[in-house]
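All figures in this text were calculated on a predicted structure; none of them were measured in a lab.
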Amino acid sequence: MAQQDNPKQGSSKGGGGGGKGAAPAPKTAITPTRADDYAEWYQQVIRAADLAESSPVRGCMVIKPWGWAIWENIQRSLDRMFKDTGHKNAYFPLFIPKSFLEKEAEHVEGFAKECAIVTHHRLIAGPNGGLIPDPNARLEEPLVVRPTSETIIGEAFRGWVQSYRDLPLLINQWANVVRWEMRTRLFLRTTEFLWQEGHTVHATENEAVEETLRMLDVYATFAEKFMAMPVLSGPKTESERFPGAVATYAIEAMMQDRKALQAGTSHFLGQNFARASNIRFQSKEEKEELAWTTSWGVSTRLVGGIVMTHSDDDGLILPPRLAPAHVVILPVFRGDDTKQKVMDYIASLAKELRALRYEDERVEVEVDARDIRGGDKQWEWVKKGAPIRLEIGPRDVDGNVVMVARRDRGTKDKVSMSRAELVEKLPAILAEMQQGLYDKARAYRDEHTRVIRSKDELFDFFSTKDDAKQITGGFALAHFSCDPKLETELKEKLKLTVRNIPQSGFESAPWADAVKEPGPCILSGAPTEQRVILARSY
RNA sequence: CGGGGCGUAGCGCAGCCUGGUAGCGCACUCGGUUCGGGACCGAGGAGUCGGAGGUUCAAAUCCUCUCGCCCCGACCA
């Protein structure tokens, strides 16, 4: 059904201010729409949902309460999964002595270009009234602000590991890291970002590989069950590998502009970092051996993934399992006489709803009693993506009913429900919404994933006609030999990269059978064992 | 870091070319009428014109430098 609402906010491209010719009234709460300008739409959704804003510090964002609450939910859910797989949390320093970073050759090369460095520990008055680093307070050895913590954690682990009895060592840290990226985007790529990084040490190669895959699987499960975001799991090619890793695995999701988002990585580090940090242990056979390590992480980028997977032209849509509030109650009343009656009713309903369980968590209820216009309030929560909105006024109180609106339905699509029915059905409704979001995202991804059989087909799939902003392409499933030279060619000509070599996440997709088929590389003709995913990415 | 665009009230913008010391819409505050809803009328508050230097009697407007944002590229979670 067509939306007739008249948004008050959002950027208008044409027109200009000063009361000049107004642009035609947009019909969506977010301007522009996804189809018109996806990148700008993304920015506007974040702003309209009040998730975050940019800060005075280059590339760094301020995460606002609603955005932070989503991250907290991500943290809580993932943390439980880490604990359930035997991991413990710990915390390591923000600063890494420069020399530590230099211990692993590939690692240095990979991160050297994007490190923030601390060289002094004191400021003094400068010539122009400002502050300058005190030349007498120069650090003997500069400290790097961690871009990732393998080296500093490895240093600690060396002391923690002596015997095979100390293994496996399964540690996770929730932290911030800094990577001086050239180009930043809220949540997707910021100079400072928040993440968790798991670091584990094992006695055998097998165990370490198992751990790497286990955590990749934890990520895939989290993405699918909590974020309602379908992902394809599998190893990366050599060129996309984490600096210093033997193998990197990733989960890859398709956003609504059909670009891929790397949503989580798990690295098998072999003995490279153990060697660099000298992590050795005595085996049962009384031999001194070099350990095997892994590392794995997901970041605040996941919030960007949620935005781009589910949201529509009216704003954010949150999967219920990660929504800071499952239910938002919007009181409707006029004078003080009806207010008390309505608020009392709402208080008792909120209490009853909070006692419910959804996915083994408390149902979170927010009562928005702010004294602002009902319509504005309604739209605010639409844009913030709250799963359920309940409208309750005097008439509802009298009839013991509530008006229920779902974020996955039209904004005007409200149904009246008895209080008892709501209480009884709420968990099921949330579950249905969660599943619905997943199914929809899954259908979108599967629809825009194409089995590609030739170079021409590939170029055709990703060809752009006239408007550079139009959404085209998707995931190309193709036989590709993963030769770095050929990868460069695809990157230069089509901006494509091999996202991964999918191992799971595609069961029951219409093209599932094509994935594991062997065949000749569409560029070189060399034989390959299975198809890979080629896509443009964030 | 290269190319392009841009920073003027919370948000979106006009003013800059042709210097004279700030304006519009929405938001905000108050009053009223409305109101199961993204209203309407009236009154009002709010701006270091990103920052620093310079030219000038006078700078949002001209010049230099700088910081930040957005888009495209290279780099990447």
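- The partner of G36(B), taking Watson-Crick or G-U wobble pairs whose two distances both stay under 3.5 Å, does not exist in any strand shown.
- Aromatic ring pairs are classed by plane angle as parallel below 30°, tilted from 30° to 60° and perpendicular above 60°; the pair Phe242(A) and His267(A) is parallel.
- When rounded to the nearest whole Å, the span between CD of Glu240(A) and P of C76(B) equals 8 Å.
- Spacing between G50(B) and U33(B) at atom P, rounded to whole Å, works out to 43 Å.
- The separation of G7(B) from C16(B), taken at their C1' atoms, amounts to 14 Å, rounded to a whole angstrom.
- Nucleic acid contact for Arg58(A): sugar-phosphate only, since backbone atoms but no base atoms lie under 4.0 Å from a heavy atom of the residue.
- Residue contacts shown for Gly59(A) are limited to sugar-phosphate atoms, with no base heavy atom under 4.0 Å away.
- Ring-centre distance between Trp296(A) and Phe82(A): below the 6.0 Å cut-off.
- Look at G20(B): its Watson-Crick or wobble partner, with both distances under 3.5 angstrom, is C57(B).
- G51(B) and A59(B): their P atoms are spaced 15 Å apart (whole Å).
- A60(B) and C13(B) are spaced 14 Å apart, taking the C1' atom of each and rounding to whole Å.
- Residue side chain Phe193(A) meets the stacking definition with respect to A77(B): its ring centre sits within less than 5.5 angstrom of the base's six-membered ring centre, and the planes differ by less than 30 degrees.
- Contact record, Thr472(A) with Phe462(A): OG1-O, 4.4 Å, taken as the closest heavy-atom pair.
- For C40(B) and C35(B), the P atoms lie 14 Å apart once the distance is rounded to whole Å.
- Look at C65(B): its Watson-Crick or wobble partner, with both distances under 3.5 angstrom, is G51(B).
- Counting any heavy atom pair closer than 4.0 Å across all strands shown, Leu188(A) reaches a base atom.
- Rounded to whole Å, the separation between the C1' atoms of C24(B) and U64(B) comes to 33 Å.
- Side chains of Thr148(A) and Arg146(A): no donor on one and acceptor on the other come within 3.5 Å.
- With both ends at atom P, the span from C65(B) to G2(B) equals 14 Å, rounded to whole Å.
- Considering all non-hydrogen atoms of both residues, Ala263(A) and Leu302(A) come closest at O-CD2, 3.2 Å.
- Atom CD in Gln44(A) sits roughly 13 Å away from atom C1' in C69(B) (whole-Å rounding).
- Counting to the nearest Å, the C1' atom of C76(B) and the NZ atom of Lys495(A) are 16 Å from each other.
- Using N1 to N3 plus N6-O4 or O6-N4 for Watson-Crick, or N1-O2 and O6-N3 for G-U wobble, each under 3.5 Å, A74(B) pairs with nothing.
- Here, A22(B) and C41(B) have their C1' atoms 27 Å apart, quoted to the whole Å.
- With rounding to whole Å, Arg185(A) atom CZ is found 11 Å from G73(B) atom P.
- Look at Lys377(A) and you won't find any side-chain N or O under 4.0 angstrom from OP1 or OP2 of G38(B).
- Pair assignment for U29(B): A43(B), on the basis of Watson-Crick or G-U wobble contacts that are both within less than 3.5 Å.
- The separation between Arg499(A) atom CZ and A77(B) atom C1' is 11 Å, rounded to whole Å.
- Ring geometry, Trp41(A) versus Tyr38(A): the interplanar angle falls from 30° to 60°, so the pair is classed tilted.
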